[in-house]
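To keep things clear, I will list the structure first and then write my remarks on it.
What you see is a predicted model, and the numbers here were worked out from it, not measured in a lab. Values below: all heavy atoms of this structure, side chains included; hydrogens, waters and symmetry mates excluded. In each ligand, atom 1 is the first atom listed, and ligand 1 is the first ligand listed.
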Amino acid sequence: MERLASEGGSPVRRDRFPEGVTGPEITAEDADAVAEVVRSRNLWRHGGRRVADLEAAWAALHGRPAAQVTASTSGTAAIHLAVGAVDPEPGDEIIVAPITDFGSVIPILAQNAIPVFADVDAETFCLDPAAVERAITPRTRAIVAVHLFGQPCDVRALAQLARARGLALIEDCAQAPLADVDGQPMGTFGDFGCFSLQQSKHITAGEGGLTLAADAGRASRMRLFADKGWPREGQVRTHLHFGLNYRLTEMQGAVALAQVPRLAGIVRRRQERAARLDRWLADLPGVRLPRPPAGARSAYWMYPCLVDPAVLGVDASGFAEAVRAEGVPLASGYVPPLYTVPALAERRTYGASGFPFGAPQARPQPAYAPGLCPRAESMAARLVYVPWSQGYTDRDVDDLGRAIGKVARALAARAG
Ligand SMILES: Cc1ncc(COP(=O)(O)O)c(C=O)c1O
């Protein structure tokens, strides 16, 4: 058995691993598109075309009319548009995945609704439809389903459940643009699909968001929500309902628009790179890959797997550290289950009120405390992930495979 680099052996990779390639692909043409906007001196969406063209391009990519996409300032805002369009009463409940970016949860609280966490499925790492069904109450209005790390959740089952129970399905596709099930892209199964253009995502404007609505009524409501409730087409200025200013600038619109034609290629290359690593990691002791729902293809924001401390004798952080010592990247500890973070566990919301928790409008809720979603807690403790890139060469991927394999086999042999 080869000696591990963390214990003085020689590392799998001696020269620097190209972590720089995990950054976005920004070209000279993208820069020119932004410069052109700046030179035009109109930086505002309502005076220009770039944001509107971005919305139309996103709609076309997903087979929807242009009027059913609204751009906004972040992925969090994109989800807020959807929640705003659902228009919950204070104290209504919205079911959400516990392992995700906090941006999936903030919009629920911002609309004074209660995030109800349902457990994940041990195979997909995403919301378990059976757990969602158990979490539904007469106050439930919507489900926020996250396609974690780019992999589709069991979106067909969730869409069916949402329809049967009269709930809105909000797909959080921040990590999963053009991930698909049987060729149908994420964001088109539910009532809303929400995307992020933040720096780490497949294409980026630094910050930004896009929301896709399945019907014209909700599309119009979310568009108003992003623009102070202000119907621009009217003769008289008015504000029809509560909304925010979530307008994307023309500079952001231009740089994102320039990247849209490249997105499908980026996703394809990420999938092809991941298939190569899959072959290295199949059947390793103590390392388990997610098992996607039938027909699902991930967009690979990250490449996740679970490690088993009982087989390897170390936890996720110890495993990731030993793999990094081999000269390749591997991270652990993406997020804790979000109900354990202080903002939620201690109900730090609006002043000292704790609102909307405990408000007369709300049903009593179980404490946000360890034990709420046992499978998510176990997953969070065992999760490791490779920051993924379409730019990895065959050699990069093979070194990742060799390093993870070397560490898993050595640790399992010792622990066994
Ligand atoms: C799954 C998920 N949801 C929501 C968000 C929020 O997006 P943003 O950071 O653009 O507000 C992110 C971004 O990190 C995310 O990964």
For [X] and [Y], does a side-chain donor sit closer than 3.5 Å to a side-chain acceptor?
X	Y	result
Q390	E272	no
Y303	D278	yes
S104	D101	no
H80	Q111	yes
E93	T137	yes

For [X], the ligand 1 atoms whose distance to one of its heavy atoms is below 4.0 Å:
X	answer
Q198	10 (O)
V146	1 (C)
S196	7 (O), 8 (P), 10 (O)
T100	1 (C)

Item to check | Contact check, S104 vs ligand 1, heavy-atom distance below 4.0 Å | outcome: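 Right, S104 reaches ligand 1.
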Next on the checklist: Is there a side-chain hydrogen bond (donor to acceptor under 3.5 Å, both in side chains) between Q151 and Q175? Walk through the geometry before answering.
Outcome noted: CA-CA 8 Å; Q151 183 184 275; Q175 303 176 355; over 6 Å; no
Just need the protein heavy atom nearest to [atom], so name the residue and atom and give the distance.
atom	value
atom 5 (C) of ligand 1	D101 OD2, 3.5 Å
atom 16 (O) of ligand 1	Q175 NE2, 2.8 Å
atom 14 (O) of ligand 1	K201 NZ, 2.8 Å
atom 11 (O) of ligand 1	T76 OG1, 2.5 Å

Item to check | Pair E207-K201, salt bridge (Lys or Arg N to Asp or Glu O under 4.0 Å): steps then yes or no | outcome: CA-CA 10 Å; E207 301 283 2; K201 302 306 189 310; over 6 Å; no
Item to check | Cationic tip of R237 above W230 ring, under 6.0 Å, 45° of axis | outcome: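 R237 over W230 ring: yes.
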Checklist entry - Applying a 4.0 Å heavy-atom criterion (strictly less than), which segment of D172 is in contact with ligand 1: side chain, backbone, both, or neither? => result side chain
Checklist entry - Are any of the N or O atoms of G75 closer than 3.5 Å to those of ligand 1? => result yes
